[in-house]
There are 2 protein chains.
Amino acid sequence: MNTVASAAPYHHGDLRRALLDSATAILTETGRWDFSLREVARRAGVSHAASYRHFTDKEALIAAVALTGYETLHTRMTTAIDEATGAVGTLRAIGQAYIGFGVANPALYRLMFGQALPSIEGLPPAVLAVLTEARAVLRGVILAGARAGAFTIDPEDEQEVSVAVVTAWSLVHGFTLLTIDRVVDREVRPQVIDALAARVAERLITGLLPTQGRK
Amino acid sequence: MNTVASAAPYHHGDLRRALLDSATAILTETGRWDFSLREVARRAGVSHAASYRHFTDKEALIAAVALTGYETLHTRMTTAIDEATGAVGTLRAIGQAYIGFGVANPALYRLMFGQALPSIEGLPPAVLAVLTEARAVLRGVILAGARAGAFTIDPEDEQEVSVAVVTAWSLVHGFTLLTIDRVVDREVRPQVIDALAARVAERLITGLLPTQGRK
DNA sequence: GCGGTGTGTTGACGGTGGTAACATTGAGCG
DNA sequence: CGCTCAATGTTACCACCGTCAACACACCGC
């Protein structure tokens with residue numbers, strides 16, 4: 001009866017996947033993350049209560065969508081790393097991949113980092129794991145750069161490394177959100193976001209001060 | 001009948017203000033920005049439809065709350081500037097004020113920058129005005145520093161100044177959100193956020209590279 | 001062939017944002 | 001002083017939402 005080609009093992013086939021697909025479709029089409037469960041179900045051609053066989057909660061559905069987002073973000077970052085060379089180049093690549101993902105999927109990005117949960121904690125462990133993994137990747141890049149002497153960071157000083165990680169992540173996260181929210185737009189009107197992102201990243205790398213010590 | 005001392009010009013007195021107060025109270029108490037209009041009205045001791053005499057929409061109420069947030073943020077920034085000296089010192093002060101505000105009012109901050117609107121555009125003009133003003137303040141600080149020769153920025157190069165503005169704002173915005181969302185917490189476990197914020201800011205100012213040119 | 005379990009449906013409940021019709025009350029004006 | 005009227009607040013209602021319980025079906029192993 002169904003026009004879908006692939007196998008239909010159970011009643012619907014793979015409703016869980018279908019629901020996730022519907023949700024992400026709404027996300028990208030409308031740009032809003034505050035969709036209704038019923039709309040997702042409707043779109044999947046299924047009754048409004050069917051989702052509860054696959055997700056305990058609306059929040060669980062959202063968390064599952066976020067998880068897919070974290071996963072693709074993570075893979076984009078790692079592939080970007082693989083294709084880059086040098087500490088600074090790798091840092092640039094990873095930042096570009098991150099920002100590129102966020103700008104390409106604004107609603108998903110905001111769902112991942114913006115909303116439905118009181119805090120990141122309380123999320124399913126799988127979600128936290130991927131998130132932690134992504135941070136570990138960034139830390140690894142910075143640590144490698146520090147060990148290679150490319151940065152002014154003592155690789156043995158854990159705190160110093162952490163500060164650098166937080167700094168880089170903050171910059172990239174903040175830039176992504178400001179861009180998504182069109183706050184930046186009015187300031188710069190960049191033809192290409194990439195160019196602006198690159199210059200912002202450069203500012204982080206080179207700093208603001210004239211080339212000499214601090215303070 | 002009312003225990004409130006001040007005048008009660010109309011039926012309730014100043015329902016608009018009361019509703020805003022209720023909303024902010026819920027915001028700070030529960031930490032959630034997705035309250036219901038009816039709860040706000042209930043808390044103000046008024047029927048749920050009364051709010052529509054003062055706000056066209058739930059979104060309008062939220063925007064009004066956000067507006068108060070932007071205003072206090074703006075004043076905190078300007079007073080911080082007044083009390084600071086030197087370009088770098090001023091930049092530090094403004095960043096600290098910004099982060100301090102966000103961390104002290106997490107739910108409000110997320111409401112201001114996180115949520116209910118497809119994008120920042122489409123907000124009431126008053127909101128946009130204050131937001132723009134806040135950015136202008138930051139730009140002024142950076143421009144002054146550039147003119148004084150404190151930064152490696154050509155004050156005549158508008159684009160370069162803009163890049164610096166976006167960079168600083170992105171950093172501070174991202175750091176605030178990561179802190180609020182407890183993402184940073186697990187990485188560093190800072191006893192005092194201020195200390196971490198200061199070190200992050202320092203990283204922006206001094207950059208990552210060993211003290212020499214770029215690339 | 002048959003029971004049972006996994007899957008989807010129907011229908012209901014309380015709560016929500018929003019609207020319309022009605023009630024009240026204070027202010028302006030004779 | 002009393003009337004009107006517009007501003008403010010209330011009641012009643014709508015469609016929709018998230019969630020749950022009861023029911024229907026269909027495929028599984030036996």
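Reminder, nothing fancy here: chain letters follow the sequence lines and each chain counts from 1.
- Rounded to whole Å, the distance from CZ on A:Arg53 to P on C:dG6 is 10 Å.
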Pairs under 3.5 angstrom, nitrogen or oxygen only, protein versus nucleotides 12-16 of chain D, please.
{"residue": "D:dA12", "atom": "N6", "partner": "B:His48", "partner atom": "NE2", "Å": "3.4"}

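- Straight-line distance from the OH atom of A:Tyr52 to the P atom of D:dC17: 12 Å, rounded to whole Å.
- Look at CG on A:Asp14: it is 9 Å from P on C:dG8, rounded to the nearest Å.
- Residues from residues 16-29 of chain A that place a heavy atom under 4.0 Å from any atom of DNA chain C: there are none.
- Residues passing the salt bridge (Lys or Arg N to Asp or Glu O under 4.0 Å) test with A:Glu39, sequence neighbours excluded: none.
- The distance between atom NZ of A:Lys58 and atom P of D:dT19, rounded to the nearest whole Å, is 8 Å.
- The side-chain contact (heavy atoms from CB on, under 4.5 Å) test applied to B:Val141 returns B:Ile81, B:Thr90, B:Leu91, B:Ile94, not counting sequence neighbours.
- No donor-acceptor distance shorter than 3.5 angstrom exists from the side chain of B:Asp57 to the backbone of B:Ala60, with no hydrogens or angles considered.
- One interatomic measurement links the two molecules: CZ of A:Phe55 to P of D:dG18, which rounds to 14 Å at whole-angstrom precision.
- Rounding to whole angstrom units, CD of residue A:Glu39 and C1' of D:dC17 are separated by 12 Å.
- Legend: residues meeting salt bridge (Lys or Arg N to Asp or Glu O under 4.0 Å) with A:Glu158, ordered by chain and number and at least two apart, are A:Arg139.
- When the side-chain contact (heavy atoms from CB on, under 4.5 Å) test is applied to B:Ala201, no partner is found at least two apart in sequence or on another chain.
- Every residue two or more places apart in sequence or in another chain that forms a side-chain contact (heavy atoms from CB on, under 4.5 Å) with B:Thr30 is listed here: B:Ile26, B:Arg32.
- Screening residues 95-108 of chain A for side chain to side chain donor-acceptor pair (under 3.5 Å), with sequence neighbours left out, gives A:Tyr98-A:Tyr109, A:Tyr98-A:Trp169.
- For A:Arg43, the salt bridge (Lys or Arg N to Asp or Glu O under 4.0 Å) partners at least two apart in sequence or on another chain are A:Glu29.
- Note: CG (A:Leu37) to C1' (C:dG15) measures 16 Å, nearest angstrom.
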